[in-house]
Amino acid sequence: MLNIVIFGPPGAGKGTQSEKMIEKYNLCHISTGDLFRWHTKNDTELGKRVKEIMDNGELVSDDITIAMLREEVEKNPQASGFLFDGFPRTVAQAEALDALMKSLDTEIHSVIELKVTEEEVRKRIAKRKELEGRVDDADDKLDRRIKEYFDKTVHVLPFYDGQGRLSTVNGLGEIHAIFASIESLLDEHVA
Ligand code: AMP
């Protein structure tokens with residue numbers, strides 16, 4: 001198995017690089033943001049509980065998020081690996097993810113941080129807003145989501161760094177060049 005976590009602020013290019021990783025390494029993509037968006041769009045019980053929190057660009061509670069993630073992992077017992085995107089965002093979530101991987105007799109093999117400046121992130125999101133019209137990309141919410149990343153999510157990075165599991169990749173530049181950096185990190189795990 002090859003299990004990866006990808007980190008980066010909104011608009012860092014996680015979606016683009018994730019698609020390429022999924023294809024090359026045959027991974028099951030689990031994006032907690034996409035899952036929450038699916039639930040709100042389909043007005044499920046869970047969707048109703050998290051809609052306002054998401055609309056405000058705040059983080060959903062660890063309990064709800066971890067339970068949803070665990071369910072999604074358990075739905076895919078045949079997966080040859082997972083790519084976690086948007087999760088973990090807190091140290092409690094990171095610890096829960098390790099426990100979940102251990103229960104499946106596996107582990108997180110690589111944690112990749114896509115490093116992008118705030119200025120570049122804002123430019124990219126403005127473009128995405130035009131193309132996709134995502135509600136949570138509205139300006140005030142976007143500010144909160146970016147702030148959320150730089151104030152809170154980044155605190156998960158030292159958790160992985162301290163264990164020697166964190167790799168930082170420059171997220172600025174050509175898509176294929178960024179992916180080449182990611183490949184050089186991951187290929188050693190599949191050799
Ligand atoms: P994203 O597309 O990953 O930025 O996620 C969109 C929204 O979903 C976030 O602003 C949060 O409200 C919620 N969300 C996604 N992943 C998590 C997580 N790991 N923990 C808490 N809330 C999350």
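In listed order, ligands and their atoms are each counted from 1.
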query: Between the side chains of D187 and Y25, is a donor N or O closer than 3.5 angstrom to an acceptor N or O?
result: yes
query: If you measure only the distance, is there a donor-acceptor pair under 3.5 Å linking the side chains of T106 and N3?
result: yes
query: Less than 4.0 Å between a side-chain N and a carboxylate O, is that true for E120 and K123?
result: yes
field: Among E52, K51, M54, closest by any non-hydrogen atom to atom 8 (O) of ligand 1
entry: M54
query: Near Q93, which atoms of ligand 1 are under 4.0 Å from a heavy atom of that residue?
result: 18 (C), 19 (N), 20 (N), 21 (C)
query: Could an N or O of ligand 1 be found under 3.5 Å from any N or O of G86, whether backbone or side chain?
result: yes
Within-4.5 Å side-chain heavy-atom neighbours: L97 and F84: yes
- request: Any atoms of ligand 1 less than 4.0 Å from a non-hydrogen atom of R145? List them with their elements.
  value: 1 (P), 2 (O), 4 (O)
field: From the candidates T32, L35, L69, the one that places a heavy atom nearest atom 16 (N) of ligand 1
entry: T32
- prompt: Where's the contact between R37 and ligand 1, heavy-atom distance under 4.0 Å: side chain, backbone, both or neither?
  reply: side chain
message: Does ligand 1 come near enough to P88 that some N or O of the ligand is less than 3.5 Å from an N or O of the residue?
response: no
- prompt: Linking I/L/V/M/F/W/Y whenever any side-chain heavy atoms sit under 4.5 Å apart, do I182 and I108 land together?
  reply: no
message: Heavy-atom distances under 4.0 Å decide this one: backbone, side chain, both or neither, for T65 against ligand 1?
response: side chain
Option whose closest heavy atom lies nearest to atom 10 (O) of ligand 1, chosen from E148, E58, H39, K152: E58
query: Taking the non-hydrogen atoms of R144, is any one of them nearer than 4.0 angstrom to ligand 1?
result: no
- line: The reported gap from OG1 in T65 to CD1 in I53 (rounded to nearest 0.5 angstrom) is 8.5 Å
- prompt: Should K75 and E72 count as an ion pair when the cut-off is N to O under 4.0 Å?
  reply: yes
- request: Report yes if D34 has an N/O atom closer than 3.5 Å to an N/O atom of ligand 1; otherwise report no.
  value: no
query: ligand 1 and K14, any nitrogen or oxygen pair closer than 3.5 angstrom?
result: no
E183/K24 salt bridge by N-O under 4.0 Å criterion: yes
